[in-house]
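Below you'll find the structure, written out as structure tokens, and then a few comments.
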Amino acid sequence: MEEKLGNYFQGKLSHDERVELLRSVESDESLKAEFLKMQNVFALLNLSVEEDDSEEGKESYIDFLKKKNHLKFRLLATRFLKYAAIIAIVVLSSIMLTLRITELPDLAISENTLFVPAGQRAMIKLHDGTEVWLNARTTLVYPSQFTGSERRVFLSGEAFFSVSKNEDMPFIVSTDQADVKVLGTKFNINSYPDAGFSQTSLIEGSVEIYNKEEKKAAVILEPNQQATLKNKEFTVEEITFPNHFLWREGIYCFDNESMPVILKKLEMYFNVDIIVKNKAITDVMVTGKFRQTDGIDEILRILRKKQEFKIEKNIDGDIITIK
């Protein structure tokens, strides 16, 4: 796995291999810790690298991989990480953590990956001015510059796009199940790999949605419509709950959703594991609005008003048992 991590940061993995690795990182805490350590030191090595110094930057990183197991270098890396934390606070000026993983460029145009872990959200502005908000456990793969006849990015998770208009270069979002093609518009895509569906919600403009197996558009949406792709079938309906898109502001809204579904979302929003041992909550339906700043404890306290349950937490507070 160490070799695969090294290949990731040297840009030697394919798109599918990168996505597979990032999913493994998300599910394995020890692997995530190693990944973040490599990422932070790599970012520091890259801070002073100019475009024509890419080879020097690459050599520095390879040298890092060779020395990372030496105690002396670990002490040096610890000092680097301390300064990296200070830099991150100054640059981000935000309560949310953004993990930007930029691969070493072999060419003038490189492919970058932005991975947002559980409990976080992030916003990035692409080269063409398009703004993308990414929800927790989301991966976006995008080029440093758009060239050719299209602007294509790859998404796994949930994101809200405000696309800069360019009629000569359509913007395409590729997910596991479909391609969403636009010229300039605002829309939300929810396409987590384990959800079993992909949903595109259009706020303004227009979008065309293609099945992966088909070349012609399967669905063309108008504003305030959303298309859900499940079991290779599309359903189109009006957007009845626009408050859902407030997740960009750290506001999480639920409209008559079951308690188990809400608890699964809270796991993602607060980076905790919730074990349910109280079957009485299975059929409880909840409508409500919470802020991320309320914290998981306060939200669970409010949910207990719908159905009484007991809460137990482990020492670290990252495993919650509902009894």
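Atom set for the values below is all heavy atoms of this structure, side chains included, hydrogens, waters and symmetry mates excluded.
Residues S149 and P170 approach most closely at O-CD, 3.3 Å, considering heavy atoms. Contact between K306 and M259 at its shortest, heavy atoms only, is CB-CE, 4.4 Å. For the pair N112 and P143, the tightest heavy-atom approach, listed with the atom from each and the gap, is ND2-C, 4.3 Å. Closest heavy-atom contact between S164 and G129: OG-C, 3.2 Å. Closest non-hydrogen pair, L202 versus L221, comes out as CD2-O, 3.4 Å. Across every non-hydrogen atom of F234 and A227, the tightest pair is CD2-CB, 4.2 Å.
Contact annotation: the side chain of F290 never approaches that of I251 to less than 4.5 Å [non-hydrogen atoms, C-beta and beyond]. Two residues are said to be in side-chain contact when any heavy atoms from C-beta on lie closer than 4.5 Å; F245 and I239 meet this criterion. Using a 4.5 Å heavy-atom cutoff, the side chains of N243 and K289 are in contact. Side-chain contact between I322 and I274 is present, with at least one heavy-atom pair separated by less than 4.5 Å. Taking 4.5 Å as the limit, some side-chain heavy atom of I281 sits within range of a side-chain heavy atom of L263. In this structure, D179 and V173 have side chains that are not in contact, with every pair of non-hydrogen atoms separated by 4.5 Å or more. Counting only heavy atoms from C-beta outward, the side chains of P193 and S156 approach each other to under 4.5 Å. T139 is listed as a side-chain neighbour of T113, based on a closest heavy-atom distance under 4.5 Å.
Checked by atom type and distance alone, the side chain of R152 never pairs as donor or acceptor with a backbone atom of S174 at under 3.5 Å. Using modelled atom types, no side-chain atom of E257 and backbone atom of F254 make a donor-acceptor pair closer than 3.5 Å. Looking at D128, its side chain does come within 3.5 Å of a backbone N or O of T130 through a donor-acceptor pair. When atom types are taken as modelled, the side chain of E312 and the backbone of T321 share no donor-acceptor pair closer than 3.5 angstrom. Using modelled atom types, no side-chain atom of R248 and backbone atom of R121 make a donor-acceptor pair closer than 3.5 Å.
I319 and L266 are members of different hydrophobic clusters when ILVMFWY side chains are connected at heavy-atom separations under 4.5 Å. Residues L114 and I172 fall into different hydrophobic clusters, defined by Ile, Leu, Val, Met, Phe, Trp and Tyr side chains chained together at heavy-atom separations under 4.5 Å. Using a 4.5 Å cut-off between side-chain heavy atoms of Ile, Leu, Val, Met, Phe, Trp and Tyr, with links allowed through other members, I302 and V284 fall into the same hydrophobic cluster. Cluster annotation: F160 and L246 are assigned to distinct hydrophobic clusters (Ile/Leu/Val/Met/Phe/Trp/Tyr, side-chain heavy-atom contacts under 4.5 Å, transitive). No continuous path of hydrophobic side-chain contacts links I189 to F241 [ILVMFWY only; heavy atoms under 4.5 Å].
Side chains of Q226 and E237: a donor-acceptor N/O pair is present below 3.5 angstrom, by distance only. With hydrogens and angles left out, the side-chain atoms of T138 and E158 include no donor and acceptor closer than 3.5 Å.
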### Task
Any chance you could lay out the side-chain contact (heavy atoms from CB on, under 4.5 Å) test for L303 and R301, step after step, and finish with the verdict?
CA-CA 6 Å; L303 291 177; R301 185 189 68 80; over 6 Å; no
### Working for side chain to side chain donor-acceptor pair (under 3.5 Å), residues Q120 and R137
CA-CA 8 Å; Q120 309 297 333; R137 289 182 180 166; over 6 Å; no
### Message
As a quick check of understanding, evaluate side-chain contact (heavy atoms from CB on, under 4.5 Å) for F146 and F171, giving each step before the final call.
### Response
CA-CA 10 Å; F146 292 110; F171 193 95; 4.0 Å; yes
### Task
Begin with the C-alpha distance, continue with both residues' side-chain angles, and end with the deciding distance and a verdict on side-chain contact (heavy atoms from CB on, under 4.5 Å) for I320 and D273.
CA-CA 6 Å; I320 300 173; D273 291 324; over 6 Å; no
### Task
Please lay out, stage by stage, how E208 and V180 fare under the test side-chain contact (heavy atoms from CB on, under 4.5 Å).
CA-CA 6 Å; E208 300 174 358; V180 179; over 6 Å; no
### Query
Checking side chain to side chain donor-acceptor pair (under 3.5 Å) for the pair N188/W247: CA distance, chi angles, key distance, verdict?
CA-CA 11 Å; N188 191 89; W247 63 261; 3.2 Å; yes
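The line from OG1 of T200 to CD1 of I209 is 4.0 Å long, rounded to the nearest 0.5 Å. One finds the CG atom of N190 at 7.5 Å from the OG atom of S198 (value rounded to the nearest 0.5 Å). Atom CG of N166 sits about 8.5 Å away from atom CG of L183, to the nearest 0.5 Å. To the nearest 0.5 Å, the span separating NE2 on H127 from NZ on K125 amounts to 12.5 Å. For the atom pair E298 CD and T293 OG1, the distance stands at 10.5 Å (nearest 0.5 Å). To the nearest 0.5 Å, atom CG of residue L126 and atom CD of residue Q145 are 12.0 Å apart.
Residue N256 qualifies as enclosed at atom CG: its count of foreign heavy atoms under 6.0 Å is above 12. More than 12 heavy atoms of other shown residues, nucleotides or ligands fall within 6.0 angstrom of atom CD in E131. For E238, the CD atom is densely surrounded, since the number of other residues' heavy atoms within 6.0 Å is greater than 12.
Between K181 and E150 there is no salt bridge, since none of the side-chain N atoms of the basic residue sits less than 4.0 Å from a carboxylate O of the acidic one. Using a 4.0 Å cut-off between a side-chain N of Lys or Arg and a carboxylate O of Asp or Glu, E167 and K165 qualify as a salt bridge.
Under the 30°/60° scheme for interplanar angles, the aromatic rings of Y252 and Y269 are found to lie parallel.
A ring-centre distance under 6.0 Å is found for F161 and F187.
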